[in-house]
Amino acid sequence: EQQIGEGIVANNTEGTFSVLTCAISAKIKKIVMTSSIAAVGFGGTEKSPMDESNWSNPSDPYCLSKLESEKVAWNFAEEHQINLITICPS
């Protein structure tokens, strides 16, 4: 039985993996990925800004899909020595 939101998580993570695989095939070594603030969370303040060590703990499917997609991208980039940058607009 499919969980609520399972489709959006699979679509986003598989889509991210597919695009990165194509980039490797094209010998691209620098990638800028547009992610979402949903991947890192919403808790930053002026005194305690969020950084690369922050990850969200989402309960809704969209936020979970952005978190999982970004993790797929970072793992792929490390494995294939790709220079990856993600931007997380709000």
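Note: hydrogens, waters and symmetry copies are ignored here, and every other heavy atom, side chains too, is used.
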| task | For the pair Leu67 and Val40, evaluate side-chain contact (heavy atoms from CB on, under 4.5 Å) and give the outcome as yes or no after the intermediate values. | result | CA-CA 7 Å; Leu67 169 66; Val40 294; over 6 Å; no
| request: Start with the C-alpha gap between Ser36 and Cys88, add the side-chain angles, then the distance that decides, and say whether side-chain contact (heavy atoms from CB on, under 4.5 Å) holds. | output: CA-CA 4 Å; Ser36 170; Cys88 298; 5.7 Å; no
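Judged as a side-chain hydrogen bond (donor to acceptor under 3.5 Å, both in side chains), the pairs with a partner in residues 75-90 (not counting sequence neighbours) are, in order, Glu70-Thr86. For residues 14-38, the pairs satisfying ring pair (Phe, Tyr, Trp, His ring centres under 6.0 Å) are Phe17-Phe76, with sequence neighbours left out. Among residues at least two apart or in separate chains, there is no ring pair (Phe, Tyr, Trp, His ring centres under 6.0 Å) pair with a member in residues 27-62. Sorted by first and then second residue, the side-chain hydrogen bond (donor to acceptor under 3.5 Å, both in side chains) pairs with a member in residues 7-32 read Asn12-Ser65; sequence neighbours excluded.
None of Val9, Ile8, Asn57 except one satisfies the side chain to side chain contact (heavy atoms under 4.5 Å, CB included) rule with Leu64; the exception is Val9. Checked options Leu20, Leu84, Val19; the residue passing with Met33 is Leu84 (criterion: side chain to side chain contact (heavy atoms under 4.5 Å, CB included)).
Taken to the nearest 0.5 Å, the CH2 atom of Trp74 stands 14.0 Å off from the OG atom of Ser69.
Of the possible polar contacts, one joining the Thr45 side chain to the Ser48 backbone as a donor-acceptor pair under 3.5 Å is found.
The side-chain contact (heavy atoms from CB on, under 4.5 Å) search around Thr34 returns Ile87, Pro89, not counting sequence neighbours.
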